[in-house]
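A quick write-up on the structure given underneath.
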Amino acid sequence: MKIRSVLSAAVLAVAATVASSQALAQDTYTLRLAETWGPNFPIFGDTTKHMAKLAEEMSDGRLRIRIDSANKHKAPFGVFDMVKAGQYDMGHSASYYWKGKVPETLFFTSMPFGMTAIEQYAWFYQGDGMKLMEEVYEPQNMLSFPGGNTGVQMGGWFRKEINSLDDLKGLKMRIPGFAGEVFAKVGVNPTNIPPGELYTALERNTIDAVEWVGPALDLRLGFQQIADYYYTGWHEPATELQFLINKDSWNKLPKDLQAILKTAMKVSAYDMLVQSQDANAEAWATIKEKYPNVKIKNFPDEVFKAMYKANGELLDEMAKQSPLAAKIIKSQDEYLKKSRAYTDISERAYLNTMAEVE
């Protein structure tokens, strides 16, 4: 009887363990995500919804993500602080918005005269990008992951044509990130304004020019109705958004759900790049047809060279002020040189050839 009692107890213990494991496997986790964008914002907002849907489907409902847009949390540029404090588990925004808090964060969106989207993704996942981003965000009690790419962004909408450096002096322009600092160095007065206020600011002459994204999102905001000159890009050749995650919230997730969340973020980020390409192509066709007043312009060589020089000087200053910034700058510069050497004989060569024969 004693032996049977012992065996019965052992069986019951094993059964209890199995039942406990099964119950644990069925535990559900709900994460709250704050995004910088307004409700149903195209492309950017599609990305968060797609990510949440993927995470829930792949986890069989065990991982759910509730999205609060800017109209709900009322702090489009407060996402960093809210996720850091644990007020939200996750965020979707752009890393360069936080340069005033942690200057090194700006390197993980896009840098002037930097890598293209494919080159930058390679740096993130095959080079040192992810490791360096973790080094920047870990002290802030957060993790950051690529959150969707727009590709090359346009250089902005201007009411007046830019023919020389003098035309930039005193110009008030919405342009964030490092590009804003570059423009400031050549005489522009840069400012950052939430997306929902951009049209009104340009219409009411609060600003003289505005840089947003590209044809797909610019067309929706109506800039083509106010400004005639649409300049090509130089400042954000591979604009990567970000998913921020509070580390405490991340650590509470089982390993399988962490893997599922990583996959959902990675897939939705890639899909945003594809969606951006398609939407920009369609929107540009619409602009050409319906708004013949819009003129595509390149910045004059004088302006372009001055911005390139200013960019180099600013990078040198950052490198001197921060060993971590110096490490990131070195990593990006070395990877760009390696990757661009191949881009030159592949994509650039192909496009040049096609331009000659078409």
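Numbers here are sequence positions counted from 1. Scope of the values below: all heavy atoms of this structure, side chains included, with no hydrogens, waters or symmetry mates.
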Checklist outcome for this item: With sequence neighbours left out, the residues meeting side chain to side chain contact (heavy atoms under 4.5 Å, CB included) with Thr343 are Glu119, Ser339, Arg340, Glu347
Next on the checklist: Just checking Lys185: does its NZ atom have more than 12 heavy atoms from other residues, nucleotides or ligands closer to it than 6.0 angstrom?
Outcome noted: yes
Checklist entry - Taking side chain as C-beta onward, heavy atoms only, is Trp123 less than 4.5 Å from Leu132? => result yes
Next on the checklist: If you apply the rule salt bridge (Lys or Arg N to Asp or Glu O under 4.0 Å), what do you find for Lys305 with Asp301, and how did you get there?
Outcome noted: CA-CA 6 Å; Lys305 289 176 181 178; Asp301 287 346; 5.4 Å; no
Next on the checklist: Are the side chains of Phe107 and Leu315 in contact, using a 4.5 Å heavy-atom criterion?
Outcome noted: yes
Checklist entry - Counting only heavy atoms not in Arg159, do more than 12 sit closer than 6.0 Å to its CZ atom? => result yes
Item to check | More than 12 heavy atoms of other groups within 6.0 Å of Lys295 NZ | outcome: yes
Checklist entry - With distance as the sole test, does Thr191 use its side chain to make a donor-acceptor pair with the main-chain N or O of Arg174 at under 3.5 Å? => result no
Next on the checklist: Taking salt bridge (charged side-chain N to carboxylate O under 4.0 Å, His left out) as the definition, give me every residue that meets it alongside Asp271, ordered by chain and number, with sequence neighbours left out.
Outcome noted: none
Next on the checklist: Using a 6.0 Å distance limit plus a 45 degree cone around the ring axis, check whether Lys266 lies over the aromatic ring of Tyr125.
Outcome noted: yes
Next on the checklist: I'd like to know whether CD of Glu302 has more than 12 heavy-atom contacts from other residues, nucleotides or ligands below 6.0 angstrom.
Outcome noted: yes
Checklist entry - Between the side chains of Tyr335 and Gln126, does any donor sit under 3.5 Å from an acceptor? => result no
Next on the checklist: Please report the interatomic distance OG1(Thr47) to CE(Met272), rounded to the nearest 0.5 Å.
Outcome noted: 5.0 Å
Next on the checklist: Between Ser322 and Glu104, is there a side-chain donor-acceptor contact under 3.5 Å, judged purely by atom types and distance?
Outcome noted: yes
Checklist entry - Do we see a donor-acceptor contact under 3.5 Å between the side chains of Asp218 and Trp157? => result yes
